[in-house]
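This report refers to the structure that appears directly beneath it.
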Amino acid sequence: MDKGKAGNFLFRNAHVIDPAQGMRGRADVLILDGRLMEIGAHIEASADWVAELQEIDLTGKWIVPGLLDMHVHLREPGEEYKETIASGTAAAVAGGYVAVACMPNTHPVNDCAAVTEYILERAREQGSCRVFPVGTISRGLAGEDLAEFGELRESGAVAVSDDGRPVMNSMLMRRALEYARVFDLPVISHAEDLNLSRSGLMNEGSVSTVLGLRGIPNAAEEVMVARDLLLAETTQGRLHIAHVSTAGSVHLIRQAKQRGVPVTAETAPQYFSLNDHELMTFDTAFKVNPPLRGSGDVEAIKQGLADGTIDAIATDHAPHSALEKDTEFEFAANGMIGLESAVPLILGLVREGVLSPSEAIAKVTCNPAGILGVPLGALLRGMPANLTILDPEETYVLDCSTFRSKSRNCPFNGKKMQGRVLMTLVEGRVVFTGLQDGP
Ligand code: DOR
């Protein structure tokens, strides 16, 4: 795996956005031997600097802290035909991410130190970016007994979640929130009441009626969001709601935050970019859990992002092979890949006026970094650079055949996009460049 070269750059005239430090404006950025040395109005070139310093004019381009995706599925160990730590992190850096948090529904599941350590070791050997493992809430993802949170934390897990499945047992969820407090771990909730959603194939509404497909009501998510909020209020454990998709969930989380409940939330680009009308094509690329919802929900998600109810945008990158997707709708697996299409969709929120540029960048940098407690999300002087360069204007047609991901279950293939990732630096090393005259 090519880990990239340590960068020596003088970026000129960039639009620098660092919400963590309240920074937004035109600046030059100097990187020497991978270290971010200076951000300033005009940096004078010095004869002492290394000969191979590249001076690049970035007029109209953005430099932002390296992006963090707090919710991806890397499929390793166990389903390497869908994705590996190598291919998933290569997709991540091509999408502008310097780090990902990977969900534990692998084979075996990540419910112990051995699996967490394996993931971290593979990431060190073969990864293009940083990987933060998420451990399970329940042993074996079985929803019966708690995993060893202390062991998971000590071996490097940054959160716990049974993502892919809900914790149906309310007592277990209560104990998880209590136990996680001891280790300062956020508990990431996949909020779904299986009794309400079971055998559903898409959002319950007029489209599911027309198509004759069994529906999943909004309440399947909302009753579990409500339960988890009450449990977080009781226990004061740190709750994070994953992939929020409904208006009711946004409303419940907003109210809980006002009451001071220790809760944060994320949504994914599909829940503010697509609605359930996409299912009219029966294209299994649109089959995801939670399902694409109605247009009113999409508007509520945007509202929740705008007013800060939803703190973070994560992709829920869920690779599946043609084997699981090129089949009857009923039998197709849930999930879509997202790492290499997220940036233009997030920038769409800025063009629509839903978020300011700083707010949009915060949702993929300092906000998720704060939730996971990882030292990323800001442009720190003197440190190895973790940064992303974006062109917010460039338009192009998304072509999944160019993706680094092993899977192709992307619903945006062939769609016109605006906004492109030009360069990603991880710990000072250029791990991705799409710059025409780049290194
Ligand atoms: O669509 C989904 N796919 N939702 C999940 O919660 C799990 C994920 C997966 O692992 O494929």
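Owing to the predicted nature of the structure, the values given are computational and were not obtained by experimental measurement. Whatever order the structure lists them in is the order used to number ligands and atoms, beginning at 1.
Residue Glu79 places no heavy atom under 4.0 Å from ligand 1.
Residue nearest to atom 5 (C) of ligand 1, selected from Val288, Asn289, Val72, Asp162: Asn289 (by heavy-atom distance). The closest non-hydrogen atom to atom 3 (N) of ligand 1, taken over Asn105, Asp316, Thr106, Asn334, comes from Asn334. Between His73, Lys287, Lys82, it is His73 that holds the heavy atom closest to atom 8 (C) of ligand 1.
At a threshold of 4.0 Å, the pair Glu144-Arg139 does not count as salt-bridged, since none of the basic side-chain nitrogens sits closer than that to a carboxylate oxygen. A salt bridge does not link Arg75 with Glu80: every distance from a Lys NZ or Arg NE/NH1/NH2 to an Asp or Glu carboxylate oxygen is 4.0 Å or more.
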Can you list the steps and then say if Glu178 with Arg174 is a salt bridge (Lys or Arg N to Asp or Glu O under 4.0 Å)?
CA-CA 6 Å; Glu178 284 169 346; Arg174 179 201 171 148; 2.9 Å; yes
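Looking at Gln270 against ligand 1, nothing comes within 4.0 Å, counting heavy atoms.
In summary, the side chains of Thr264 and Asp311 do not present any donor paired with an acceptor at a separation below 3.5 Å, with no hydrogens or angles considered. Of the N and O atoms on the side chains of Glu83 and His317, at least one donor lies less than 3.5 Å from an acceptor on the other residue. Counted by atom type alone, His320 and Asn334 present zero donor-acceptor pairs between their side chains at under 3.5 Å. A side-chain donor from one of Arg24 and His15 sits under 3.5 Å from a side-chain acceptor of the other.
If you check which protein heavy atom lies closest to atom 11 (O) of ligand 1, you get Arg75 NH2, 2.7 Å. For atom 7 (C) of ligand 1, the closest non-hydrogen atom of the protein is Gly164 CA, 3.8 Å.
Here the straight-line distance linking atom CG of Leu398 with atom OH of Tyr396 works out to 6.0 Å at 0.5 Å rounding.
Interface atoms of ligand 1 facing Gly335, defined by a heavy-atom separation under 4.0 Å, are 1 (O), 2 (C), 3 (N). Shown in contact with Ala318 at under 4.0 Å from a heavy atom are these atoms of ligand 1, numbered in order with element: 3 (N), 8 (C), 9 (C), 11 (O). Near His190, meaning under 4.0 Å from any of its heavy atoms, are these atoms of ligand 1: 6 (O). Within the listing of ligand 1, atoms 11 (O) sit less than 4.0 angstrom from a heavy atom of His320.
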